[in-house]
Asks: 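I am attaching a structure below and will ask some questions about it afterwards.
Just the heavy atoms: all of them, side chains too, but no hydrogens, waters or symmetry mates, feed the values below. Just so it is clear: chains get the letters A, B, ... in the order the sequence lines come, proteins before strands, and each one is counted from 1.
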Amino acid sequence: MSLEQGDIAKLARLARIRISEESSEELRQRISDILGMIDTMQAVNTDAVDPMANPHDATQRLRADVVTEVDQRDDFQRIAPATEDGLYLVPKVID
Amino acid sequence: MQWEVVIGLEVHVQLTTKSKIFSGASTAFGATPNSQACAVDLALPGTLPVLNEQAVNDAILFGLAIDADICRDSVFERKNYFYPDLPKGYQTSQMDKPIVGHGVVEIRLEDGSTRNIRVHHAHLEEDAGKSLHEDFHGMSGIDLNRAGTPLIEIVSEPDLRSAEEAVAYLRKIHSIVTYLGISDGDMSQGSMRCDANVSVRLKGEEEYGTRAEIKNINSFRFVERAIKVEAQRQIDLIEDGGKVVQETRLYDSDKNETRSMRSKEEANDYRYFPCPDLLPVHIEQSLIDSLQKQMPELPDAKRQRFETEYGLSTYDASLLTAERSIADFFEACSKVAGDAKLAANWVNGELSAALNREGKALKDSPVSAEQLGGLIVRIRDNSISGKIAKQVFEALWNGDGQSADEVIEAKGLKQVSDTGALEAMVDEVIAANPAQVEQYRAADDGKRKKLIGFFVGQIMKASKGQANPGMVNQLLNKKLSD
């Protein structure tokens, strides 16, 4: 699968990143290569293979149900762009 | 045309762990905004989740309670969506290998019949924070205290066939999780929330109709109303030649209507994938066995025991076992009272009416199980009549006295069972009402039974309700036939 220049412009807009005209063609080529590799991988028959949840041959360690965190709100909010009444302020979103 | 409603419910239950599912921040309700949102909950770079053991145990307990298979190797996945109340950009949830597999919940309907509702699965996940859309200079305020609170989401099969069945199912889930003590089940505080998948089809049809999902219904009453109004909307639409589209709808309780939120085309693609930050959770059989041993008596078993051990009707036993707190209250009360049926009548009757009237929960009842038991003891030994007992109950409810005995003593409510005193009252009433006495003596047995009520009434009035009615009847019968 290969991409058109228009696809790159659209992806860049969705990802909210600016891509210069010069690097656009190189990016198009590199992303197309990655997609090509995925096509190759998808040709492999995996019917009898269980999906792998994690590459490590280990299982999750659990923690005891104990409150260990203290209130560090003031520290956290010092690096937030906008706060008020203890709330983090973000651009208005209504779903 | 005969329509059939098909409903599946997704119930979110907040677990009562002390700390969050993936962090050591507190889950206590009502804290000041963001004071319980730590670096993990805020998704600050470099933080990693560590799974809470208690949340896992709670989910397993629930699974065992509904007779489900417990997945021995469970996997957490990322459900990707962008919304500021979830700063990671994904919700850590489960999809392919949820911790609780197929289970079954028995519901009891109003006519006493029962139905088994299949649970497709139940999984562990984290709750999101809260967004406040009041005016913060055109911005939204975010409180992340709730972000990371552990939830189990219980997904039913589309086995429910009416709004009433859906409510019965939801009440049963509520009863199970509160019996297990894994959630407080408080819907008003959002500890239990519910989404309903609703579709309609002609009766006898095999295929399901196209469904709409109604989001975030937060009370038992609204579940019933939302489903009814949505089913009717779909029926009207189809009968008018329209077609139901698959979409997400919101229930507006003020207008009692559902309205479209987003259609299938606009639906999120959550791009689930196994969370690389969390390893698969392996559950040992020994853990399952030990949790099975801790399993408390569940609602159905308790109801059956109440029927056989106390000789209660299925109806009374169902009411008493709907909540563990009521069942415990009843048993404590019955033990003191020495009469289970009377105790059941008082708990389901006077007490529950008083609680309803004042909108109080049982735990806030001003009358304790021991006090109510003490009151019943005095009814049983004929110290007070049922009518006076209601007065005593009222007094205890209002805090006028520590025990029934104290109230009876202080207010002089003790029933008059002294033959001499009663005889005097009977004589007085007979002397004062010669016409009625004449009428009584002239009447046949059938009429006499009615006429004697007049005399009993007069005596009860004279004694302010304190005369022992059984003895009054005896004395009257004797004196009037003299």
Side-chain angles (χ1 to χ4, degrees), chain A residues 1 3 7 10-17 31 34-35 37-39 41-42 44 46-95, chain B residues 17-20 22-28 31-42 44 50-57 73-77 82-85 87 96-97 129 131-133 135-144 150 261-262 274-276 278-283:
Chain A
M1 183 182 172
L3 293 171
D7 295 327
K10 190 177 167 197
L11 279 174
R13 197 166 58 247
L14 286 171
R16 300 194 175 278
I17 51 176
I31 296 176
I34 293 170
L35 293 175
M37 186 175 74
I38 292 171
D39 283 345
M41 284 161 65
Q42 279 186 335
V44 179
T46 57
D47 288 353
V49 182
D50 268 339
M52 180 176 65
N54 198 290
H56 299 290
D57 189 17
T59 56
Q60 181 65 32
R61 293 271 299 268
L62 306 179
R63 43 169 265 276
D65 180 27
V66 180
V67 175
T68 52
E69 294 286 343
V70 293
D71 179 8
Q72 298 184 76
R73 186 180 77 184
D74 292 345
D75 290 336
F76 294 141
Q77 298 208 330
R78 207 163 292 139
I79 55 168
T83 61
E84 191 173 309
D85 301 338
L87 299 164
Y88 293 93
L89 297 191
V90 300
K92 197 153 200 157
V93 270
I94 304 273
D95 193 14
Chain B
T17 55
K18 294 182 190 72
S19 65
K20 294 191 175 171
F22 298 121
S23 81
S26 168
T27 55
T32 52
N34 292 307
S35 60
Q36 293 173 173
C38 72
V40 175
D41 310 327
L42 295 177
L44 292 187
V50 190
L51 182 59
N52 186 334
E53 181 178 33
Q54 190 59 46
V56 173
N57 291 354
D73 289 286
S74 184
V75 174
F76 280 94
E77 310 215 23
F82 180 75
Y83 203 71
D85 61 13
D96 270 345
K97 292 185 171 174
S131 314
L132 302 159
H133 300 299
D135 197 25
F136 292 101
H137 335 288
M139 299 180 88
S140 290
I142 307 292
D143 178 5
L144 295 169
M261 249 174 94
R262 53 176 175 255
C275 180
L278 287 159
L279 293 160
V281 183
H282 180 71
I283 293 161

Asks: Answer with side chain, backbone, both or neither: which region of B/Val75 has an atom nearer than 4.5 Å to a non-hydrogen atom of chain A?
Replies: side chain
Asks: Between B/Phe22 and chain A, which part of the residue has a heavy atom less than 4.5 Å away: side chain, backbone, both or neither?
Replies: backbone
Asks: Against chain A, label B/Ser131 side chain, backbone, both or neither, depending on which of its atoms sit under 4.5 Å from a heavy atom there.
Replies: neither
Asks: Is the backbone of B/Gly141 close enough, under 3.5 Å, to the side chain of A/Glu84 for a donor and an acceptor to pair up by distance?
Replies: no
Asks: Do you see a donor-acceptor pair shorter than 3.5 Å between the side chains of B/Ser19 and A/Arg63?
Replies: yes
Asks: How far apart are the closest heavy atoms of B/Gln36 and B/Thr27, and which atoms are they?
Replies: NE2-C, 4.0 Å
Asks: Is it the backbone or the side chain of A/Val90 that comes under 4.5 Å from a heavy atom of chain B, or both, or neither?
Replies: both
Asks: Is the shortest side-chain N to carboxylate O distance from A/Asp75 to A/Arg78 below 4.0 Å?
Replies: yes
Asks: Given the options A/Val66, A/Asp65, A/Val67, which has more heavy-atom pairs under 4.5 Å with chain B than any of the others?
Replies: A/Asp65
Asks: If I compare all heavy atoms of A/Met52 with all of B/Pro274, which pair ends up nearest, and what's the gap?
Replies: O-CG, 4.4 Å
Asks: Is chain B contacted by the side chain of A/Asp85, its backbone, both, or neither, given a heavy-atom distance below 4.5 Å?
Replies: both
Asks: Which one, B/Met139, B/His282, B/His137, B/Lys97, leads in non-hydrogen pairs under 4.5 Å with chain A?
Replies: B/Met139
Asks: Does any heavy atom of chain A fall under 4.5 Å from the side chain of B/Leu278, the backbone, both, or neither of them?
Replies: both
Asks: Which bit of B/Ala39 is near chain A, if near means a heavy-atom gap under 4.5 Å: side chain, backbone, both or neither?
Replies: both
Asks: Chain A heavy atoms under 4.5 Å from B/Ser23: which part of the residue, side chain, backbone, both or neither?
Replies: backbone
Asks: What's the spacing between A/Gln77 CD and A/Thr83 OG1 if we round to 0.5 Å?
Replies: 4.5 Å
Asks: Restricting to non-hydrogen atoms, name the atom on B/Pro33 and the atom on A/Leu87 that form the minimum distance, rounded to 0.1 Å.
Replies: CB-CD2, 3.8 Å
Asks: Looking only at heavy atoms and a cut-off of under 4.5 Å, which of B/Leu42, B/Thr32, B/Val56 has the most pairs with chain A?
Replies: B/Leu42
Asks: I'd like to know if the side chain of B/Asn34 and the backbone of B/Leu144 have a donor-acceptor N/O pair within less than 3.5 Å.
Replies: yes
Asks: For B/Asn52 and B/Lys20, work out which heavy atoms get closest and say how close.
Replies: ND2-O, 3.2 Å
Asks: Considering only heavy atoms, which portion of B/Pro280 lies under 4.5 Å from any heavy atom of chain A: side chain, backbone, both, or neither?
Replies: both
Asks: B/Ala37 versus chain A, heavy atoms under 4.5 Å apart: side chain, backbone, both or neither?
Replies: backbone
